[in-house]
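Since this is a predicted model, take the numbers as computed values, not measurements. Within every chain, numbering begins at 1; the chains are lettered A, B, ... in the order of the sequence lines, protein sequences first and strands thereafter.
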Protein chains: 2
Amino acid sequence: MEMAKKHLDAAQLLRKAQRLDASVDRSTVYRTLQLLKRQGLIDELDLMHIHGEGHYYERKLNRDHIHMACLRCGKISEFVSDVFEKLKRQVESDCRFRIVVSRLEIGGYCNACQKR
Amino acid sequence: MEMAKKHLDAAQLLRKAQRLDASVDRSTVYRTLQLLKRQGLIDELDLMHIHGEGHYYERKLNRDHIHMACLRCGKISEFVSDVFEKLKRQVESDCRFRIVVSRLEIGGYCNACQKR
DNA sequence: TTACGTGCAAAAAATTTGCAGTTTC
DNA sequence: GAAACTGCAAATTTTTTGCACGTAA
């Protein structure tokens, strides 16, 4: 599964998979996503539910990133921050909590939409 | 709606509401939640889907807090951090993004469960 | 009136499950 | 052959919608 492009929901992944093998079923997609999620190989997002109640998935990379969803134009942008890393380390030490997955999603207005 | 207690899902809110007025319908709950969400009066969480695919709601207070969900015992804990506030300010200035809502959820192992 | 909020019933969207047949080791 | 994976069909769960009615400004 080449989840190279990001932020795909289960239906999109199904369609992509069926382009390679038309017999692939929805349940296989969901079962595989569950597996990958448990292994920590993908991250699950909901992008502030701007486009409905579904979930989106992306390959987990070394560096976590923040997702920002524009409430007006729907654009999704990403941001990597040392402060985010610092925050996670603070949670781990202050709360004695071993972090496995983390997700920071922000809804608001992007630069372009603020100007209108 | 006394969402005093937190992290209630739509079904729980419906049951609570029906205790006061038995005729309340599911759709009213969902419509009200949509409204409150748009007004920024409540926050929507999914608590890392530890207990299923639903969503949880809580009154939005002055200070945002981080939610941590223990993948073993299911306990949800909360944490307030200045670093989180700093991170949000960084996003606003570095990305020129006007934040309306933000949500940081973390999955991992709580102090007690790490020791087992 | 005109807009709004509601219950009701039905639909739609998202995800899960049981089962039987294959493949894999 | 046991364990794991799959497609298929059907079921569940979660959320939304159309509609008719009542209410409030």
Side-chain angles (χ1 to χ4, degrees), chain A residues 1-3 5-60 67 69 71-72 74 76 100-101 103 105 107, chain B residues 1-3 5-60 67 69 71-72 74 76 100-101 103 105 107:
Chain A
M1 268 190 178
E2 34 113 3
M3 310 222 311
K5 312 247 178 56
K6 48 216 147 178
H7 306 157
L8 298 170
D9 65 16
Q12 291 172 304
L13 285 168
L14 175 61
R15 262 178 267 126
K16 251 185 189 290
Q18 288 183 332
R19 245 174 265 145
L20 302 176
D21 174 350
S23 74
V24 175
D25 190 70
R26 242 192 311 280
S27 52
T28 302
V29 171
Y30 280 108
R31 283 190 277 232
T32 307
L33 286 173
Q34 254 182 346
L35 200 70
L36 295 171
K37 215 164 38 167
R38 270 201 298 268
Q39 304 308 113
L41 296 172
I42 56 175
D43 273 329
E44 186 185 45
L45 313 167
D46 60 29
L47 303 179
M48 299 318 266
H49 296 301
I50 284 187
H51 305 292
E53 293 302 310
H55 297 114
Y56 301 86
Y57 302 90
E58 66 176 14
R59 267 231 298 278
K60 198 195 192 82
H67 287 94
L71 299 170
R72 186 172 182 282
I76 306 296
V100 176
V101 282
R103 210 168 76 216
E105 302 193 49
Chain B
M1 268 189 176
E2 34 110 6
M3 310 219 315
K5 312 245 179 56
K6 48 213 149 184
H7 306 157
L8 298 170
D9 65 18
Q12 291 172 306
L13 285 168
L14 175 61
R15 261 177 268 125
K16 251 183 190 292
Q18 289 183 331
R19 245 174 264 145
L20 302 176
D21 174 349
S23 75
V24 175
D25 190 70
R26 241 191 311 281
S27 51
T28 302
V29 171
Y30 280 107
R31 285 190 276 231
T32 307
L33 287 172
Q34 254 182 345
L35 199 70
L36 295 171
K37 217 165 37 169
R38 270 200 299 266
Q39 304 308 110
L41 295 172
I42 56 173
D43 274 329
E44 185 185 45
L45 314 166
D46 59 29
L47 302 179
M48 300 318 266
H49 296 302
I50 284 186
H51 305 294
E53 293 301 310
H55 298 116
Y56 301 86
Y57 302 90
E58 66 177 13
R59 264 232 299 278
K60 196 193 193 82
H67 287 94
L71 299 171
R72 186 172 182 283
I76 306 296
V100 176
V101 283
R103 210 169 75 217
E105 301 193 49

Next on the checklist: Whether B/Lys60 and B/Glu58 form a salt bridge (side-chain N of Lys/Arg under 4.0 Å from carboxylate O of Asp/Glu) is what I want to check.
Outcome noted: no
Item to check | Electrostatic pair A/Arg31:A/Asp25 at N-O distance under 4.0 angstrom | outcome: no
Checklist outcome for this item: Rounded to whole Å, CD of B/Glu44 lies from C1' of D/dT14 at a distance of 12 Å
Item to check | Rounded interatomic separation in angstrom, taking CG from B/Leu47 and P from D/dT14 | outcome: 14 Å
Item to check | side chain to side chain contact (heavy atoms under 4.5 Å, CB included) between A/Met48 and A/His67, worked out | outcome: CA-CA 9 Å; A/Met48 299 318 266; A/His67 287 94; over 6 Å; no
Item to check | Protein-nucleotide distance (B/Asp46, atom CG; D/dT15, atom C1'), rounded to Å | outcome: 15 Å
Next on the checklist: Categorize B/Gln18 for me: base, sugar-phosphate, or nothing, with a 4.0 angstrom heavy-atom threshold over every strand shown.
Outcome noted: nothing
Next on the checklist: For D/dT15 and B/His55 - does any side-chain N or O of the residue sit under 4.0 Å from the phosphate oxygens OP1/OP2?
Outcome noted: yes
Item to check | Helical bend (five base pairs per end, nearest 10°) for the helix from C/dT1-D/dA25 to C/dC25-D/dG1 | outcome: 30°
Checklist entry - What is the distance, rounded to the nearest whole Å, between atom OH of B/Tyr56 and atom P of D/dT13? => result 14 Å
Checklist entry - Between B/Leu13 (CG) and D/dT14 (P), how many Å, whole number? => result 13 Å
Checklist entry - What nucleotide, of C/dT16, D/dG7, D/dT17, holds the atom closest to the side chain of A/Tyr30? => result C/dT16
Checklist entry - Side-chain contact, heavy-atom cut-off 4.5 Å: A/His51 with A/Tyr56? => result yes
Next on the checklist: On DNA chain D, does the nearest nucleotide to A/Leu35 precede the nearest nucleotide to B/Arg26 from the 5' side, or the other way round? Give the residue.
Outcome noted: A/Leu35
Next on the checklist: Both A/Arg31 and A/Asp9 contact DNA chain C. Which one's nearest nucleotide lies toward the 5' end?
Outcome noted: A/Asp9
Checklist outcome for this item: Picking from D/dG7, C/dT6, C/dA9, the nucleotide nearest the side-chain atoms of A/Ser27 would be D/dG7
Item to check | Nearest-Å distance for atom pair CD/C1', residues B/Glu53 and D/dT14 | outcome: 10 Å
Item to check | Within 6.0 Å of CZ in A/Arg103, more than 12 heavy atoms from elsewhere | outcome: yes
Checklist entry - With a 3.5 Å cut-off and just heavy-atom distances, do the side chain of A/Thr28 and the base of D/dC5 make a donor-acceptor pair? => result no
Next on the checklist: Between C1' on D/dT17 and CG on B/Leu33, what's the gap in Å once rounded to a whole number?
Outcome noted: 17 Å
Item to check | B/Val24 backbone acceptor or donor facing B/Thr28 side chain under 3.5 Å | outcome: no
Checklist entry - So do the side chains of A/Gln12 and A/His7 get within less than 4.5 Å of each other, counting heavy atoms only? => result no
Next on the checklist: Judged by each residue's nearest nucleotide on DNA chain D, which is more toward the 5′ side, B/His51 or B/Asp25?
Outcome noted: B/His51
Item to check | Distance below 4.0 Å between B/Gln34 side-chain N/O and D/dT15 OP1 or OP2 | outcome: no
